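Below is one structure, written out as structure tokens; comments come after it.
This is a predicted model, so every value here is computed, not measured. The first residue in the sequence is number 1, and the count goes up from there.
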Amino acid sequence: GLRSAIAINVSRNGGRTWSPPVIFQDDDLGGLNDKNWIVVDNSDAPGHHKGRVYAIWDRVAPVVYNYCDANCDQLKNWLPDFQTLDPLVWPGQGLGAYPVVLQSGALGISMTSLTRGIPTRQQDEPSTDLDNQVFIQAPLAGTTPWPAPLAFTPPVQIGGNQSAGQIAQRASGGMPSTAADPKSNTVYHVWDDGRFRSDAKNDIVLSKSTDGGVTWSSPVRISGGPTND
């Protein structure tokens with residue numbers, strides 16, 4: 001129930017100086033505003049909105065967003081969601097929501113979720129809904145006129161999160177990172193995971209989608225070395 005907020009600072013000279021913080025979420029509603037990321041649409045291709053800034057973060061539950069098209073150092077140019085729970089990306093539990101702009105101009109968001117996503121392949125993951133890597137997207141994000149809300153598809157399952165946790169480090173297990181290839185429809189997703197190991201430690205595993213996040217490959221181990229050391 002402590003007051004928490006999300007703010008953004010803007011630099012117009014390559015990071016030498018910065019604007020005062022623009023606070024577009026500020027509440028004492030019991031939400032924990034946490035693990036925030038931003039992404040900018042840098043393309044002027046069809047389906048995109050060049051210069052649009054998307055901010056994504058989780059309040060543990062729900063996962064929320066905001067966006068701005070220009071002069072983002074002014075509060076009036078962000079969605080008016082000050083002290084509210086809207087607009088939502090996902091109403092349930094999600095951690096480490098990570099945004100990318102896809103080749104189509106869609107906004108894609110990966111996250112660790114307590115809710116299993118829609119399976120799109122023969123899953124090799126446990127059936128429990130305790131901890132999963134999922135991908136959500138707003139297919140028409142780049143063509144949605146500000147300040148209209150973005151429409152998100154249901155979460156798609158990437159893989160079960162089988163992180164073994166980290167020694168002396170809090171709340172980092174399974175936190176993902178995602179990248180979208182601007183020249184193709186491929187999206188890459190990585191997280192720490194212990195499924196291939198016998199020593200209760202983690203590898204970095206990768207899953208990829210070649211159709212813009214609709215379907216995903218089974219996770220593969222990409223960190224080197226033995227699996228029992």
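Using a cut-off of 4.0 Å between Lys/Arg side-chain N and Asp/Glu carboxylate O, D199 and R197 are scored as salt-bridged. Electrostatic pairing of D73 and R12 counts as a salt bridge here, judged by a charged N lying under 4.0 Å from a carboxylate O. Contact check on D41 versus R52 returns no salt bridge, with no Lys/Arg side-chain nitrogen under 4.0 Å from an Asp/Glu carboxylate oxygen.
Not a single donor-acceptor pair under 3.5 Å links the side chain of R221 to the backbone N or O of L206. The backbone N or O of W57 sits nowhere less than 3.5 Å from a side-chain atom of N36 that would complete a donor-acceptor pair. Checked by atom type and distance alone, the side chain of W78 pairs as donor or acceptor with a backbone atom of C72 at under 3.5 Å. For the pair N185 (side chain) and Q103 (backbone), a donor-acceptor distance under 3.5 Å is absent. At distances below 3.5 Å, at least one donor-acceptor pair connects side-chain atoms of N77 with backbone N or O atoms of N71. In this structure, the side chain of N13 engages the main chain of T17 through a donor-acceptor pair within 3.5 Å. Remark: the backbone N or O of Q137 is paired with a side-chain donor or acceptor of T153 at under 3.5 angstrom. Side chain of S217 to main chain of S207: no donor-acceptor pair is present (N/O by atom type, distance under 3.5 Å, no hydrogens or angles).
Cluster membership check: I109 shares its hydrophobic cluster with L150, using side-chain heavy-atom separations under 4.5 Å among Ile, Leu, Val, Met, Phe, Trp and Tyr.
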Assess the residue pair W216 and F135 against the criterion (ring-ring contact (aromatic ring centres under 6.0 Å, His included)); give the C-alpha distance rounded to whole Å, side-chain angles, the decisive distance to 0.1 Å, and a yes or no. CA-CA 9 Å; W216 292 84; F135 190 78; 5.3 Å; yes
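Considering L102, T144, I56 as possible partners of L107, the one that fulfils the side-chain contact (heavy atoms from CB on, under 4.5 Å) test is I56. With S163 as the fixed residue, the side chain to side chain donor-acceptor pair (under 3.5 Å) test singles out one of D193, D192, T112: D192.
If you take OG1 on T215 and CD1 on I158, they are separated by 11.0 Å, rounding to the nearest 0.5 Å.
Ring planes of Y54 and Y67: tilted class, angle from 30 to 60°.
T186 and D181 share no side-chain donor-acceptor pair at under 3.5 Å. In the model, H189 has a side-chain atom that pairs as donor or acceptor with a side-chain atom of T178 under 3.5 Å. A donor atom on one side chain and an acceptor atom on the other are found under 3.5 Å apart for D203 and S223.
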